[in-house]
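In what follows, a single structure is set out as structure tokens and then discussed.
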Amino acid sequence: MNKIPFLVLAVTAFCFLTCKEPVYNPKPRTYPKVNYPERAYQAFKKSECAFTFEYPTYAQITQNEGITQAKNTPDCIFDLFIPAFDSRLHCTYYQINSQNEFAELWNDAFDLANKHNVRAEYIEENKIQNAKGVGGFAFDIKGPAASPFQFFLTDSTQHFLRASLYFNTQVRQDSMAPVYDFVIEDLMKIVESFEWKEAGK
């Protein structure tokens, strides 16, 4: 048997097998680990605000960014800042002076939520009524919207509070879902514990 052709064939086969491009197996998508803060609550105390509620101890009450105290700026306006998730709940309180003013605030709240329809997949509207007689609506905004959650609370005669949640992040929406669910659970604690102050308090 001629060994030279066999050797050439063997070398050629070896080169063919070893020179192929490597095959990569896709790895499952992973997300950064999130360290969730321990849940505990504290009382909201701002004398200029006509209401009280409980909010997470891991959050801070701060001045609403970008707001200047103009003549018509409401006195009770603030952010609930959550450093662990770099998120803010913008809160603005309005005193109702007439039924026309109440209707305008009501319509504005729905209009502001519906503005997210440009990017949102859909908006789920849920009526709110807590055990303390406070009512309103919550807007769960699905999709890549700037604000994924908004709500308003009112007694329809004197008080109106509007709130909008924002996350300062570019992270994919699906990776943010567990964080969003965690924050929403605590925002609902605010809603459940929310009550209007009695006159003079």
Side-chain angles (χ1 to χ4, degrees), residues 39 41-83 85 87-116 120 123-141 145-168 180 182-201:
R39 277 204 165 101
Y41 303 96
Q42 59 191 334
F44 172 82
K45 295 178 181 178
K46 277 179 76 74
S47 59
E48 65 269 31
C49 296
F51 51 83
T52 61
F53 59 81
E54 293 182 2
Y55 69 98
T57 54
Y58 60 77
Q60 305 165 7
I61 302 297
T62 64
Q63 177 63 37
N64 193 310
E65 291 186 345
I67 296 296
T68 56
Q69 286 300 112
K71 182 177 180 181
N72 295 323
T73 301
D75 289 333
C76 181
I77 183 168
F78 59 92
D79 282 353
L80 187 69
F81 175 52
I82 305 174
F85 307 129
S87 61
R88 292 179 182 274
L89 182 71
H90 295 311
C91 300
T92 308
Y93 166 79
Y94 301 89
Q95 183 175 343
I96 300 171
N97 298 306
S98 68
Q99 279 301 301
N100 286 340
E101 192 172 280
F102 168 67
E104 184 177 347
L105 290 167
W106 178 282
N107 291 331
D108 283 349
F110 278 89
D111 288 344
L112 287 170
N114 287 328
K115 281 184 178 179
H116 293 282
I123 299 176
E124 182 178 329
E125 298 176 2
N126 295 301
K127 191 173 182 179
I128 295 171
Q129 187 71 42
N130 72 13
K132 302 176 187 297
V134 177
F137 270 86
F139 304 92
D140 192 359
I141 303 169
S147 174
F149 187 77
Q150 299 181 13
F151 66 86
F152 70 83
L153 301 171
T154 183
D155 65 354
S156 75
T157 56
Q158 294 180 291
H159 308 295
F160 196 100
L161 175 86
R162 187 168 63 220
S164 301
L165 176 66
Y166 293 89
F167 286 93
N168 184 27
Y180 172 78
F182 183 91
V183 172
I184 294 302
E185 188 171 333
D186 278 339
L187 294 189
M188 294 314 297
K189 174 69 175 180
I190 292 174
V191 171
E192 291 167 7
S193 61
F194 195 98
E195 61 181 322
W196 307 112
K197 290 180 182 177
E198 294 179 17
K201 290 190 177 181

Are [X] and [Y] close enough that some pair of their side-chain heavy atoms sits under 4.5 Å apart?
X	Y	result
Leu165	Ile184	yes
Leu89	Asp79	no
Cys91	Ile77	no
Phe149	Met188	yes
Ile123	Asp140	no
Arg88	Ile82	no

Non-neighbouring partners of [X] that pass side chain to side chain donor-acceptor pair (under 3.5 Å), sequence neighbours left out:
X	value
Gln42	Tyr55
Glu124	Asn126
Lys46	Glu48
Asp111	none

Compare every heavy atom of [Y] with every heavy atom of [X], then report the nearest pair and how far apart it is.
X	Y	answer
Ile141	Ala113	CD1-O, 4.3 Å
Thr154	Phe102	OG1-CE1, 3.7 Å
Val191	Asn130	O-ND2, 2.8 Å

Of all residues at least two apart in sequence or in a different chain, which pass the ring-ring contact (aromatic ring centres under 6.0 Å, His included) check with [X]?
X	answer
Tyr180	none
Phe44	Phe51, Phe53, Phe78
Phe160	Phe152
Phe81	none

Go through the steps to decide whether Phe110 and Glu125 satisfy the test side-chain contact (heavy atoms from CB on, under 4.5 Å), and finish with yes or no.
-> CA-CA 9 Å; Phe110 278 89; Glu125 298 176 2; 3.6 Å; yes
Pairs where residues 151-167 contributes a residue and the test salt bridge (charged side-chain N to carboxylate O under 4.0 Å, His left out) is met, not counting sequence neighbours | none
Derivation of the side-chain contact (heavy atoms from CB on, under 4.5 Å) call for Ile128 and Val134 = CA-CA 8 Å; Ile128 295 171; Val134 177; 5.9 Å; no
Just wondering, are more than 12 heavy atoms of other shown residues or ligands nearer than 6.0 Å to CD in Glu104?
-> no
Could you list the residues that satisfy side-chain contact (heavy atoms from CB on, under 4.5 Å) with Ser164, not counting sequence neighbours?
-> Ser147, Gln150, Tyr166
Taken in chain and number order and not counting sequence neighbours, the residues that satisfy side-chain contact (heavy atoms from CB on, under 4.5 Å) with Asn100 are Ser98
In terms of the angle between their ring planes, are Trp106 and Phe137 parallel, tilted or perpendicular, with boundaries placed at 30° and 60°?
-> perpendicular
Do Cys76 and Cys49 pass the disulfide (SG to SG under 2.5 Å) test, and can you show the C-alpha distance, the side-chain angles, and the key distance before you say yes or no?
-> CA-CA 5 Å; Cys76 181; Cys49 296; 2.0 Å; yes
Just by modelled atom types, is the Thr157 backbone N or O under 3.5 Å from a matching donor or acceptor in the Gln99 side chain?
-> no
Enumerate the residue pairs fulfilling side chain to side chain donor-acceptor pair (under 3.5 Å) with a member in residues 185-194, sequence neighbours excluded, ordered by first and then second residue.
-> Arg39-Asp186, Tyr41-Asp186, Tyr58-Asp186
